[in-house]
Amino acid sequence: DVRNRPKITDNSQREGSVVIEVCVDKSGSVVEARFIQKGSTLNDGDLTSMARQNALQWKFEEGTVDRQCGTITYRFKLQ
């Protein structure tokens, strides 16, 4: 479960999705975050970097395994 999901602010006026693969350690901290093309509809360097930096700030519940990986999908919409 997610304990902290920081907001992301985007003023790029682009629409689409960016998928970030994250790996989480036993304490629930994100230890790795990387952009993946599969499922992403945007490949904009600024948006992928923004999403990656945001993903590194997420915090999850503590677990029993040393490392778990999954994805976070960011959906950017025109304001």
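When a residue number appears, it is its place in the shown sequence, counting from 1.
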Who pairs with Y74 by ring-ring contact (aromatic ring centres under 6.0 Å, His included), at least two apart in sequence or on another chain? none

Does anything in residues 29-59 form a disulfide bond (SG atoms under 2.5 Å apart)? List the pairs, not counting sequence neighbours. none

Pairwise distance CD1(I20) to CG(N54) - rounded to 0.5 angstrom: 9.0 Å

Please enumerate all residues that pass side chain to side chain contact (heavy atoms under 4.5 Å, CB included) together with E62, with sequence neighbours excluded. none

Value for CG (L78) from CG (N11), rounded to nearest 0.5 Å, stands at 11.5 Å

With sequence neighbours left out, write down each residue that passes side chain to side chain contact (heavy atoms under 4.5 Å, CB included) with E32, or none if nothing qualifies. C23, R34, R67

Atom CG of D44 and atom OG of S49: how far apart are they, to the nearest 0.5 Å? 10.0 Å

ILVMFWY cluster, L56 and V2 together (side-chain gap under 4.5 Å): yes

How long is the straight-line distance from CZ of R52 back to CD1 of I72, given to the nearest 0.5 Å? 12.0 Å

What residues, two or more places apart in sequence or in another chain, satisfy side chain to side chain contact (heavy atoms under 4.5 Å, CB included) together with K59? R3, N4, S27, S29

For R5, give me all partners under side-chain hydrogen bond (donor to acceptor under 3.5 Å, both in side chains), at least two apart in sequence or on another chain. none

The reported gap from CZ in F76 to OG1 in T41 (rounded to nearest 0.5 angstrom) is 10.0 Å

Other hydrophobic cluster members with V31, side-chain heavy atoms of Ile/Leu/Val/Met/Phe/Trp/Tyr under 4.5 Å, chained? none

Main chain of G45, side chain of T48: is a donor-acceptor contact present, judged purely on distance under 3.5 Å? yes

Closest approach of M50 to I8 (non-hydrogen atoms, all atoms of both residues): CG-CD1, 3.5 Å

Measure across S17 and G39 and return the closest heavy-atom pair with its distance rounded to 0.1 Å. CB-O, 4.1 Å

S12: partners by side chain to side chain contact (heavy atoms under 4.5 Å, CB included), with sequence neighbours left out: D10, R14, L47

May I have all residue pairs that pass ring pair (Phe, Tyr, Trp, His ring centres under 6.0 Å) and include part of residues 34-59, sequence neighbours excluded? W58-F60

Of all residues at least two apart in sequence or in a different chain, which pass the salt bridge (charged side-chain N to carboxylate O under 4.0 Å, His left out) check with D66? K26

Connected hydrophobic set around I36, excluding itself, where side chains approach under 4.5 Å: V19

Just grab all the ring pair (Phe, Tyr, Trp, His ring centres under 6.0 Å) pairs involving residues 1-21, residues at least two apart or on different chains. none

